[in-house]
Structure formats: structure tokens, C-alpha cells
Peer 1: 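There's a structure below that I have some questions on.
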Amino acid sequence: MEVCSASSNVTLREFGCEQSLLSRPDGSSSFMQGDTSVLAGVYGPAEVKVSKEIYDRATLEVVIQPKVGLPSVKERALEQCIRETCEASLLSSLHPRSSLTLILQVLHDDGSLLSCFLNAACMALMDAGLPMSCLFCGVTCAIDTEGQIITDPTAAQEKESRALMTFAIDSTEHRVMMSSTKGSVSVHELQECIAVSQKASEKIFQFYRDSVRRRYSKTL
């Protein structure tokens with residue numbers, strides 16, 4: 001288990017990660033941001049159903065399992081955001097006519113759930129050894145009633161905010177790969193949130209590097 005606490009300008013909650021903790025998936029990870037924690041498992045490349053087969057690339061399916069109950073419309077919307085981000089990063093053309101499945105299980109939700117999903121998904125894809133053009137991470141920003149930007153907000157801060165945004169940032173050029181917004185926000189505030197998220201992503205990518213480096217230095 002690797003743990004990191006962020007400092008300096010951009011404030012993030014303490015986060016931690018563990019890879020290869022499940023035996024059956026081809027790649028797995030758990031990711032924690034504060035009290036928010038999720039579990040990710042990747043299966044494939046494997047045989048795909050004829051009805052879902054794509055002749056020139058792999059078919060990616062994302063499934064979110066809530067902590068209790070059955071998946072709802074909210075989970076379906078999150079699945080689409082995560083799937084589009086993973087498809088933009090994966091070199092799926094190297095595995096045509098095959099299936100990739102990403103299962104995400106909510107362990108505890110205390111805010112910034114989508115960004116935690118994205119981080120867990122990236123670490124699980126890395127653990128599975130799937131070819132990727134770049135890594136990605138998720139950063140959530142909230143704007144409170146006074147116009148202040150809060151990075152990696154808790155569930156209570158999300159509830160009190162007037163706008164909530166989650167961005168997927170790539171590791172090579174720090175571009176926005178995906179965005180999910182809720183609430184009222186001006187163009188200037190949106191640009192500020194993107195800039196803050198790009199800065200916060202540097203801390204997460206550094207955590208990725210440190211986590212993988214320490215893991216493989218122990219195994220070699």
C-alpha cells in the first residue's frame with residue numbers, strides 16, 4: 001500500500017493505492033482519496049460476443065457496482081465518462097475483435113467519486129499490462145457559494161457547492177481528455193478549474209511513478 005499526502009498550492013486529500021490485490025482479474029487496483037475508496041479489476045483481452053465485435057479494435061465495457069443496491073442512471077453516466085477516457089488512452093487497435101472489461105466497485109463514497117474511479121482504472125490498466133498511448137488521472141473541483149475553488153472535495157463540500165467539475169487529464173501534454181460538469185459556472189471559472197486540475201494532476205502522476213517504482217524495486 002503506497003500512501004501520499006499532497007502539499008503546496010493545490011490541496012488534495014491523502015491518497016493511496018495497491019495493485020495486483022485480486023487474483024482472478026488480469027489487472028487490479030484499489031485507490032483511496034481521503035475516505036473515498038474504490039476497487040478496480042480488468043479482464044482481457046478475451047473473446048468477444050459476435051454482437052459486440054468491432055473488426056479493427058477491442059471492445060471496452062465498463063461496469064460500476066454501487067456499494068449497495070443495483071446500478072442506476074447515475075452509474076451508467078459515470079460508466080460512459082470512464083469508458084470514453086479509457087478508449088482515448090488505450091491502443092485498442094492492437095487487439096481487434098477482442099473484449100476488455102473494467103469492473104469498478106465502490107467501497108466508500110466521501111466525494112470526488114468519478115476522479116477516484118478514473119485513478120483506480122488507470123492503475124488497473126497499468127497492472128494488466130495493456131498498451132496505452134498515455135496515462136490519465138481524474139481531478140474533481142468544486143466551486144462554493146463564495147466562488148472559491150476546492151480541489152478533491154468531500155461529499156459535504158460537494159453538497160454545499162454551486163458547481164462540480166471532474167476532468168480527466170493525460171500524462172503527456174496535460175490535456176483535458178474528458179470533462180463532467182454539474183451546476184452553474186462561467187467560462188472564466190471553468191478555465192480556472194482546468195488550470196488547477198492540470199496542476200493537481202502533476203501530483204497524481206508523480207504518485208503513480210513513485211508507487212510503481214517502489215512496487216517493482218521490491219520484486220526485482
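If you read the sequence from its start, that first residue is 1, and numbering goes on from there.
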Peer 1: Set out, in order, the CA-CA distance, both residues' side-chain angles and the distance that settles salt bridge (Lys or Arg N to Asp or Glu O under 4.0 Å) for K49 and E61, then state yes or no.
Peer 2: CA-CA 12 Å; K49 293 180 180 178; E61 184 178 6; over 6 Å; no
Peer 1: Are the side chains of Y208 and C17 in touch, meaning some heavy atoms are under 4.5 Å apart?
Peer 2: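 Y208 does not reach C17 side chain to side chain.
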Peer 1: Could you tell me whether the side chain of P66 reaches within less than 4.5 Å of the side chain of K74, counting heavy atoms only?
Peer 2: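 When only atoms from C-beta onward are counted, P66 and K74 do not touch, as no gap falls below 4.5 Å.
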Peer 1: Could you tell me if the side chain of K67 sits less than 4.5 Å from the side chain of D109, heavy atoms only?
Peer 2: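 They are not in contact (no side-chain heavy atoms under 4.5 Å apart), so the answer is no.
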Peer 1: Which atom pair, heavy atoms only, marks the closest approach of I169 to Q198?
Peer 2: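 The answer is CD1-CG, 4.2 Å.
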Peer 1: Going by the side chain to side chain contact (heavy atoms under 4.5 Å, CB included) test, name the single residue among D152, I204, L113 that passes it with Q33.
Peer 2: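 Running side chain to side chain contact (heavy atoms under 4.5 Å, CB included) over D152, I204, L113 with Q33 returns exactly one hit, D152.
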Peer 1: Following the transitive rule for hydrophobic clusters with a side-chain heavy-atom cut-off under 4.5 Å over Ile, Leu, Val, Met, Phe, Trp and Tyr, establish whether L164 and V185 coincide in one cluster.
Peer 2: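 No; V185 is not reachable from L164 via cluster members.
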Peer 1: Do L100 and L102 belong together in a cluster built from hydrophobic side chains that touch within less than 4.5 Å?
Peer 2: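 Yes, L100 and L102 fall within the same hydrophobic cluster.
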Peer 1: Does any donor atom in the side chain of E158 or S161 lie under 3.5 Å from an acceptor atom in the other side chain?
Peer 2: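 Short answer, no.
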Peer 1: Same cluster for L94 and L125 if Ile/Leu/Val/Met/Phe/Trp/Tyr side chains link at under 4.5 Å?
Peer 2: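 The answer is no; the residues belong to distinct hydrophobic clusters.
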Peer 1: Once you round to the nearest 0.5 Å, how far does CD of Q105 lie from OG of S37?
Peer 2: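 The distance works out to 10.0 Å.
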Peer 1: Which atom pairs, one a donor and one an acceptor, fall under 3.5 Å between side chains of residues 173-184 and the rest of the protein, sequence neighbours left out?
Peer 2:
| residue | atom | partner | partner atom | Å |
| --- | --- | --- | --- | --- |
| H174 | ND1 | S201 | OG | 3.2 |
| R175 | NE | D170 | OD2 | 3.4 |

Peer 1: Is it true that T166 and T140 share a donor-acceptor pair across their side chains at a distance under 3.5 Å?
Peer 2: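 A donor-acceptor contact under 3.5 Å links the two side chains.
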Peer 1: Would you check if there is a donor-acceptor pair between the side chains of Q80 and R83 at a distance under 3.5 Å?
Peer 2: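 Absent: no donor and acceptor within the cut-off.
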Peer 1: Going by the rule side chain to side chain contact (heavy atoms under 4.5 Å, CB included), which residues pair with T154 if we only count those two or more places apart in sequence or in a different chain?
Peer 2: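 Partners of T154 under the side chain to side chain contact (heavy atoms under 4.5 Å, CB included) test: R13, D110, A156, Q157.
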Peer 1: Please find the pair of heavy atoms, one from A168 and one from L118, that lie closest to each other, and give the distance.
Peer 2: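 Scanning both residues completely, I find the closest heavy atoms to be CB-CD1, 4.1 Å.
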Peer 1: Mind checking the CG-SG spacing from L60 to C86? Nearest 0.5 Å is all I need.
Peer 2: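 Separation between the atoms: 5.5 Å.
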Peer 1: Nearest 0.5 Å, what's the CG-CZ distance between L78 and F117?
Peer 2: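 One finds 6.5 Å between CG of L78 and CZ of F117.
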Peer 1: Is there side-chain contact between P45 and L130, with at least one heavy-atom pair below 4.5 Å?
Peer 2: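 Contact flag for P45/L130 side chains = yes.
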Peer 1: Please report the interatomic distance CD1(I143) to CD(Q148), rounded to the nearest 0.5 Å.
Peer 2: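 Answer rounded to 0.5 Å: 10.0 Å.
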